[in-house]
Amino acid sequence: MAFPSLTPVQVDSVYYTGLLNKRWCSYLLADEPERVVLARANGSSLWSGKGHYWMPPGISIEFYPREEWFNMACFLGSDGTFQGYYMNIALPPVLREGALTFTDLDLDLIVNSDLSYVIDDEDEFLDHCDLWAYPPDLCERARATLNSLIARIERHDPIFDEWKHYCSLLPKELVSGNTWALIPPSD
């Protein structure tokens, strides 16, 4: 069952090869010229292309810039308190007919609430650069995007406060309870 005033969106994170990496369902908060903003309801699970589901705690507000090589999920606890960010280095998203798809380049940043950070999955990125023969310019662009995001974190770029604006658009039912949780298909 979907929340009456918000449109459900299936999110597919695919590998460079086109194979499905992860899938989840969120609600469309904003479809803006520069970005798509989604909200994953409390209790909504994620499905891995490797065949397992898992349940992240709380909700997330997800930002998908249309022209940049990253996306970002802001995690909030089930009480609405800010927890931190997960940033994917990825190709720009495609939003079409109730689905948003992006190519995940395996290189990630975990950003804590105090803006300290950890680079995640660098080994996976290096493995896939070789295994899937990423073009050199793609590898360079992914690294440049990572470095740019680190610089933005270190200077406390306003992007890390944008979630506050979108909180006002969240129906309380998405945050507190799991009545509006969405389960992604496992095809």
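Values in this document were obtained by computation on a predicted structure and should not be read as measured data. When a residue number appears, it is its place in the shown sequence, counting from 1.
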ask   = Taking the inter-plane angle between the rings of Trp132 and Tyr134 on a 0 to 90° scale, is it parallel (under 30°), tilted (30 to 60°) or perpendicular (over 60°)?
value = tilted
note = Rounded to the nearest 0.5 Å, the CD1 atom of Ile89 sits from the CG atom of Asp108 at a distance of 7.5 Å
task = Report the C-alpha distance between Tyr15 and His128 in whole Å, list the side-chain angles of each, state the deciding distance to 0.1 Å, and finish with yes or no for ring pair (Phe, Tyr, Trp, His ring centres under 6.0 Å).
result = CA-CA 9 Å; Tyr15 290 113; His128 288 167; 5.6 Å; yes
Asn88 side-chain N/O to Ala90 backbone N/O, donor-acceptor pair under 3.5 Å = no
Main-chain N/O of Lys50 paired to Ser48 side chain as donor or acceptor, under 3.5 Å = yes
key: Hphob cluster co-occupancy, Ile59 + Phe82, side-chain heavy atoms under 4.5 angstrom   = yes
ask   = Within a reach of under 6.0 Å around CD of Glu32, are more than 12 heavy atoms found that belong to other residues, nucleotides or ligands?
value = yes
key: Joint hydrophobic cluster, Leu105 plus Ile150, side-chain heavy atoms closer than 4.5 Å   = yes
request  = Given ring pair (Phe, Tyr, Trp, His ring centres under 6.0 Å), test Phe160 with Tyr85 step by step and report yes or no.
outcome  = CA-CA 9 Å; Phe160 297 104; Tyr85 302 97; 5.2 Å; yes
With a cut-off of 3.5 Å and sequence neighbours excluded, list every side-chain donor-acceptor pair involving residues 95-104.
{"unit_1": "Asp104", "atom_1": "OD1", "unit_2": "Asp106", "atom_2": "N", "d": "2.8"}
{"unit_1": "Asp104", "atom_1": "OD2", "unit_2": "Asn21", "atom_2": "ND2", "d": "3.3"}

ask   = Taking a hydrophobic cluster as the set of Ile, Leu, Val, Met, Phe, Trp and Tyr residues connected by side-chain heavy atoms closer than 4.5 Å, whether directly or through intermediates, do Leu29 and Tyr64 fall within one such cluster?
value = no
request  = Would you check if Phe63 and Asn71 make a side-chain contact, meaning some heavy-atom pair closer than 4.5 Å?
outcome  = no
Steps toward side chain to side chain contact (heavy atoms under 4.5 Å, CB included) verdict (Lys22, Trp47) = CA-CA 6 Å; Lys22 295 177 185 76; Trp47 181 77; over 6 Å; no
message = If I take atom CG from residue Leu28 and atom CG from residue Leu38, how far apart are they, to the nearest 0.5 angstrom?
response = 6.0 Å
query = Does the pair Arg143 and Glu122 meet the rule for a salt bridge (Lys or Arg N to Asp or Glu O under 4.0 Å), with working shown?
reply = CA-CA 10 Å; Arg143 284 267 181 222; Glu122 190 165 17; 2.6 Å; yes
Evaluation steps, ring pair (Phe, Tyr, Trp, His ring centres under 6.0 Å), between Trp163 and His165 = CA-CA 5 Å; Trp163 66 272; His165 165 74; over 10 Å; no
Nearest-0.5 Å distance that lies between atom CD1 in Ile159 and atom CG in Asp161 = 10.5 Å
request  = Report yes or no: does Asp114 contribute a side-chain atom to a donor-acceptor pair with the main-chain N or O of Ser116 at less than 3.5 Å?
outcome  = yes
ask   = Going by heavy atoms in the side chains, are Glu62 and Tyr86 under 4.5 Å from each other?
value = no
ask   = Within the side chain of Arg23, is there an N or O that forms a donor-acceptor pair under 3.5 Å with the backbone of Pro185?
value = yes
query = Do the side chains of Leu126 and Ile110 join up, straight or via other hydrophobic residues, at under 4.5 Å, putting them in one cluster?
reply = no
ask   = Is the backbone N or O of Arg141 less than 3.5 Å from a side-chain atom of Thr145, with the two atoms forming a donor-acceptor pair by type?
value = yes
message = I'd like to know if Arg152 and Glu68 make a salt bridge, using a cut-off of under 4.0 Å between side-chain N and carboxylate O.
response = yes
message = Any heavy-atom pair between the side chains of Pro171 and Leu6 that's under 4.5 Å?
response = yes
query = How long is the span from the CH2 atom in Trp24 to the OG atom in Ser44, to the nearest 0.5 Å?
reply = 12.0 Å
ask   = Out of curiosity, does Trp180 fall in the hydrophobic cluster containing Val9 (side-chain heavy atoms, cut-off under 4.5 Å, transitive links)?
value = no
